[in-house]
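Quick caveat, the model's predicted, so the values are computed rather than measured.
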Amino acid sequence: RWLKRSVGPADRPPLSHGSVHRGLTNCSAHEPALAMGGACCREEREAEKLPERDDMDIKAAHDEPPVFVVQLPAPTPAKQMKTPATAKASSKSLPKSSTPKRRTPDAPTPEEKRKDRADKESVALQKKGEEAFERRNWDDAAKYYTEAIEANADNAVAYAGRAGVRVRSGDFAAALPDLDQALRIEPQNLYALRDRAEARAKLGDLDGALEDYNTKLTLAPGDGRALCGRGETRLQKGDREGAISDLSLAVRLTYPGAQDKLTAAKKG
């Protein structure tokens, strides 16, 4: 470059390769300039070998956001659609499921049929006994209850009904076996509990009577007849305060005859 400014191409004649070689080797006056010119020429020749670069292609490292390489999982292969042929082949390979057959209920045996008919007959006779009981027809009521028991010996209601007829007829001793049987079959039969308490009290078993009255009034505390019966039993055992309490409650429940019994208990 310096050489181009000091000695232009118009100031020097064209040189052949030989003259340039001789001039560079024999001319001592121009050695510094030529040496420098030779160096510059070498720089120019080396520069010509380098490719040109565009400054616009150079970017600062901080201008680009950092790039993170994320390892994504391999995609799951899509399920192969079953063609009719493949579906048929796969169905052949699977074991056939055995569908359990519905079990039909067993037909009732002749003995079960007989028992069912007897139960229905016993209930029908029991209802006839209840109708006669409401009419206070004790003879018919006892007859129907007895027939109901003969049809079904486990009919607790029929035993309690027949015992109720005997209690109201004043036959307390005859009523006890039926009441015991009714409570063996159905321990919480309310009518049997109250009637047995009355029968026991009439026969002098006051403790047994109180036990049955307590059980009955625990299950049905609003029974005015049972309250009067327990009040009288307590009065016989000397529990005057307990008797007045039971009889007062029977009066509030407007049970017939409770007021007379309460008045007698207060005087006594």
Side-chain angles (χ1 to χ4, degrees), residues 122 125-240 242-247 249-251 253-265 268:
S122 178
L125 291 167
Q126 168 200 315
K127 289 182 178 179
K128 289 182 178 181
E130 291 170 354
E131 292 172 359
F133 191 98
E134 290 177 0
R135 297 192 304 266
R136 301 180 72 86
N137 188 342
W138 308 128
D139 293 338
D140 287 349
K143 172 180 172 291
Y144 288 126
Y145 282 134
T146 300
E147 292 177 356
I149 292 170
E150 290 173 354
N152 179 13
D154 294 330
N155 191 337
V157 176
Y159 281 108
R162 189 171 69 176
V165 169
R166 291 172 177 173
V167 166
R168 284 152 186 81
S169 300
D171 193 357
F172 303 107
L176 278 178
D178 281 349
L179 293 168
D180 292 340
Q181 182 63 20
L183 291 171
R184 275 193 292 268
I185 299 171
E186 189 178 337
Q188 293 186 350
N189 188 296
L190 300 180
Y191 295 106
L193 283 168
R194 185 186 63 192
D195 285 351
R196 190 172 73 171
E198 291 182 10
R200 284 178 169 180
K202 294 296 183 179
L203 295 172
D205 184 7
L206 300 181
D207 292 335
L210 279 177
E211 181 182 351
D212 286 340
Y213 278 131
N214 291 336
T215 304
K216 170 63 170 67
L217 290 170
T218 299
L219 298 171
D223 189 338
R225 179 166 177 160
L227 286 168
C228 287
R230 188 172 70 174
E232 291 178 327
T233 304
R234 283 179 169 178
L235 193 61
Q236 291 178 14
K237 288 181 66 68
D239 184 7
R240 185 166 175 268
I244 292 174
S245 175
D246 284 343
L247 294 170
L249 181 55
V251 169
L253 293 172
T254 65
Y255 182 75
Q259 184 62 57
D260 296 338
K261 296 179 185 295
L262 177 60
T263 303

Mind checking the CD-CD1 spacing from Glu147 to Ile149? Nearest 0.5 Å is all I need. 10.5 Å

With no hydrogens and no angle check, just 3.5 Å: does a side-chain donor-acceptor pair link Glu232 and Gln236? no

Is the closest side-chain heavy-atom distance between Asp223 and Leu190 below 4.5 Å? no

Carboxylate-amine/guanidinium proximity below 4.0 Å for Asp207 and Lys237: yes

Only one of Asp195, Asp212, Thr233 passes side chain to side chain donor-acceptor pair (under 3.5 Å) with Arg200, and that residue is Asp212

As an exercise, state the distance from CZ of Arg230 to CZ of Arg234, rounded to the nearest 0.5 Å. 4.0 Å

Roughly how far, to the nearest 0.5 Å, is the CD atom of Gln126 from the CG atom of Asn152? 9.5 Å

Taking all non-hydrogen atoms of both residues into account, name the closest pair between Ala148 and Ser122 and its distance. O-OG, 2.8 Å

Of the non-hydrogen atoms in Ala160 and Asn189, which two are nearest, and what is the gap between them? CB-OD1, 4.0 Å

Taking all non-hydrogen atoms of both residues, which atom of Ala174 and which atom of Pro177 are closest, and how far apart? O-CD, 3.3 Å

Which value, rounded to the nearest 0.5 Å, describes the distance between Leu176 atom CG and Arg166 atom CZ? 11.0 Å

First locate atom CG of Leu227, then atom NZ of Lys216, and finally report the distance between them rounded to the nearest 0.5 Å. 8.5 Å

Is there side-chain contact between Leu247 and Leu235, with heavy atoms separated by less than 4.5 Å? no

For a 4.5 angstrom cut-off between non-hydrogen side-chain atoms, does Cys228 reach Asp246? no

Would you name the heavy atoms of Ala132 and Ala141 that are closest together and state the gap between them? CB-N, 3.5 Å

Lys143 side, atom NZ; Leu125 side, atom CG - distance, nearest 0.5 Å: 8.0 Å

Determine the minimum heavy-atom distance between Pro187 and Leu193, stating which atoms define it. O-CD1, 4.1 Å

Ala197 versus Ala209, closest heavy-atom pair with distance: O-CB, 3.3 Å

Quick one: does Arg194's side chain get under 4.5 Å of Tyr191's, heavy atoms only? yes

Should Glu130 and Tyr145 count as side-chain neighbours, where that means a heavy-atom distance under 4.5 Å? yes

Could Arg225 and Glu198 be called an ion pair, given the rule that one side-chain N must be under 4.0 Å from one carboxylate O? yes

Any heavy-atom pair between the side chains of Tyr159 and Leu179 that's under 4.5 Å? no

If we ignore hydrogens and angles and just use 3.5 Å, is the side chain of Arg240 paired with the main-chain N or O of Ala265 as donor and acceptor? yes

Side chain of Arg168, backbone of Gly164: donor and acceptor closer than 3.5 Å? yes

